[in-house]
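Written out below as structure tokens is the structure these notes cover.
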Amino acid sequence: MTTEGTTNPSAPGSGPTRTASAEADGPAILTSFTDGVARLTLNNPRRKNAINLEMAAAIEEFCDRVADDTSVGVVVVDAAGQYFCSGADTRDLASSSADPASPEAVARTSAVYGAFVRVGSLPVPTISVVIGGAVGAGLNLAMATDIMVTTPDAVLDSGFLARSIHPGGGHLSLLGRAVGWSTTIALAACGQSLTGEQAVARGLAYAAAPAEELPALVDGLTGPAARDPELTRRVMNSARLELGPPAVSWASALEIERGVQMWSMSRKGKQAWSSRGPERR
């Protein structure tokens, strides 16, 4: 089922309405809600999908809807054009640099941070589709998702050092939880980058495939999650409780899972099982 929302023109089956005020080249993001899959498409391709204040506000609105709509079981974050996200809009960074401690500058920076923090806090699995590359806050957005898929030749770049500014938005923590100390320092303090293929090898991305193969890869991930949104949301809640950070002990994990598994078994019922094994719902 498709519900209203600004849609990705490459996604079949739904007509567009706007979720944010349009600039000359269209709304800041495109969204669709189809059969349990919510899709957010960054739509600022002329600036390599840099995150400006309008886009950040629209992402927050999208996340509000996902959180409230229990028919949504999974989120996909992708981008228009040939580059995922070049970070915060440099025009906003320039304005903030005039007086970084001013309330306006703090609010401007916090709005960008808030966008990817909300994506990373959603109650359903989130999947970023990185084509071309991601840098700075754009890499933060990709890392904030639960699963990153990318093309083998995409360039994943910390980017802050090249701009002579300190990392922000929890960048070091996001890197560290995925790739550990050594690779974090190589990227953030020594200016190195990773290709999509290298990102998979280091644990930063889940899979790398040619751009034309990514839709099928993403469909394979979204289908099971979208099929039973209520169960998916409970799995995600347990994963956050167990894995943290900080992670809990195995004994605690047993108790976290016990009640929720009993709920799922009760919901399934005796008749749904057979002697040949459990049937999938």
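This structure is a prediction, so every number in the text was calculated from the model and none was measured.
- Looking at Arg118 and Asp64, their side chains come closer than 4.5 Å, going by heavy atoms from C-beta outward.
- Between Thr41 and Ile29, every side-chain heavy-atom pair lies at or beyond the 4.5 Å cut-off.
- Within the 4.5 Å cutoff, the side chain of Arg234 has no heavy atoms near those of the Ser264 side chain.
- Closest approach of Ser158 and Leu187 over heavy atoms only: CB-O, 3.5 Å.
- When the side chains of ILVMFWY residues are joined at heavy-atom separations under 4.5 Å, either directly or via intervening members, Val112 and Leu175 end up in a single hydrophobic cluster.
- At least one donor-acceptor pair under 3.5 Å links the side chain of Thr145 to the backbone N or O of Ala142.
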Check the pair Leu122 / Cys63 against side chain to side chain contact (heavy atoms under 4.5 Å, CB included), numbers first and verdict last.
CA-CA 7 Å; Leu122 286 172; Cys63 291; 3.8 Å; yes
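- A side-chain donor-acceptor contact under 3.5 Å links Thr183 and Arg202.
- The OG1 atom of Thr222 lies 7.5 Å from the CZ atom of Arg39; values are rounded to the nearest 0.5 Å.
- Using a distance-only test at 3.5 Å, with no hydrogens or angles considered, no donor-acceptor pair links the side chain of Asp78 to the main chain of Val129.
- Residues Met236 and Pro123 are not in side-chain contact: their nearest non-hydrogen atoms beyond the backbone lie 4.5 Å or more apart.
- Placement of Ile147 and Val75 in two distinct hydrophobic clusters is found when ILVMFWY residues are connected by side-chain heavy-atom separations under 4.5 Å, directly or transitively.
- In terms of heavy atoms, Val106 sits closest to Pro100 at CG2-O, 3.8 Å.
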Please report, to 0.1 Å, the donor-acceptor pairs under 3.5 Å made by any side chain of residues 79-86, with sequence neighbours excluded.
from  : atom 1 : to    : atom 2 : distance (Å)
Ser86 : OG     : Arg47 : O      : 3.0
Ser86 : OG     : Lys48 : O      : 3.3

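- Taken to the nearest 0.5 Å, the OG1 atom of Thr126 stands 10.5 Å off from the CE atom of Met148.
- The main-chain N or O of Thr195 is found under 3.5 Å from a side-chain atom of Gln198 such that the two form a donor-acceptor pair.
- For the pair Ser193 (side chain) and Asp157 (backbone), a donor-acceptor distance under 3.5 Å is absent.
- Of the inter-residue distances, the one linking Ile165 atom CD1 with Ser97 atom OG reads 7.0 Å to the nearest 0.5 angstrom.
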Decide side chain to side chain contact (heavy atoms under 4.5 Å, CB included) for Leu42 and Ile59; before the verdict, give the C-alpha distance in whole Å, the side-chain angles of both, and the deciding distance to 0.1 Å.
CA-CA 9 Å; Leu42 309 180; Ile59 291 172; 4.1 Å; yes
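- Of the possible donor and acceptor atoms, one in the side chain of Thr109 sits under 3.5 Å from a partner among the backbone N and O of Ala105.
- A salt bridge is defined here as a Lys NZ or Arg NE, NH1 or NH2 lying under 4.0 Å from an Asp or Glu carboxylate O, and Asp228 with Arg233 fails to meet this definition.
- Glu104 CD to Ser102 OG: the interatomic distance, rounded to the nearest 0.5 Å, is 4.5 Å.
- In this structure, Pro152 and Ala209 approach most closely via the heavy-atom pair CD-O, 3.3 Å.
- Side-chain heavy atoms closer than 4.5 Å link hydrophobic residues (I, L, V, M, F, W, Y) into clusters, and following such links, possibly through other members, connects Val77 to Leu174.
- Note: Asn49 CG to Ile131 CD1 = 11.0 Å, rounded to the nearest 0.5 Å.
- Residues Ile51 and Asp92 are not in side-chain contact: their nearest non-hydrogen atoms beyond the backbone lie 4.5 Å or more apart.
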Give the intermediate values and the outcome of side chain to side chain contact (heavy atoms under 4.5 Å, CB included) for residues His166 and Leu161.
CA-CA 7 Å; His166 190 281; Leu161 193 68; over 6 Å; no
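- The hydrophobic cluster containing Ile256 also includes Leu241, Val248, under a criterion of side-chain heavy atoms closer than 4.5 Å among ILVMFWY residues, counted directly or through chains of members.
- Between Arg163 and Val135 the shortest side-chain heavy-atom distance falls below 4.5 Å.
- Inter-residue side-chain proximity for Met143 and Arg177 is flagged as unmet; no heavy-atom pair is nearer than 4.5 Å.
- Counting all heavy atoms, side chain and backbone alike, Asn140 lies closest to Gly168 at ND2-O, 3.0 Å.
- The number of heavy atoms from other shown groups lying within 6.0 Å of CD (Gln261) does not exceed 12.
- Residues His171 and Phe160 place their aromatic rings such that the two centres sit under 6.0 Å apart.
- Here ring-ring contact (aromatic ring centres under 6.0 Å, His included) pairs that include residues 34-79, with residues two or more places apart or in two chains, are Phe33-Phe62.
- Contact between Ala205 and Thr150 at its shortest, heavy atoms only, is CB-CG2, 4.1 Å.
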So Trp263 and Lys268, side chain to side chain contact (heavy atoms under 4.5 Å, CB included) or not? Walk me through it.
CA-CA 9 Å; Trp263 161 83; Lys268 188 179 182 77; over 6 Å; no
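- When atom types are taken as modelled, the side chain of Ser110 and the backbone of Ala107 share no donor-acceptor pair closer than 3.5 angstrom.
- Checked by atom type, the side-chain pair Asp153/Thr151 shows a donor-acceptor distance below 3.5 Å.
- Closest non-hydrogen pair, Ala137 versus Ala88, comes out as CB-N, 3.7 Å.
- In the hydrophobic clustering of ILVMFWY residues, with side-chain heavy atoms under 4.5 Å counting as a link, Leu53 and Phe116 come out apart.
- Within 6.0 Å of the CD atom in Glu197, the count of heavy atoms belonging to other residues, nucleotides or ligands does not exceed 12.
- In the hydrophobic cluster analysis, where Ile, Leu, Val, Met, Phe, Trp and Tyr join through side-chain heavy atoms closer than 4.5 angstrom, Ile127 is grouped together with Tyr206.
- Within the model, atoms CE of Met55 and CG of Asn52 stand 5.5 Å from one another, a figure rounded to the nearest 0.5 Å.
- Using a 4.5 Å heavy-atom cutoff, the side chains of Val76 and Val218 are in contact.
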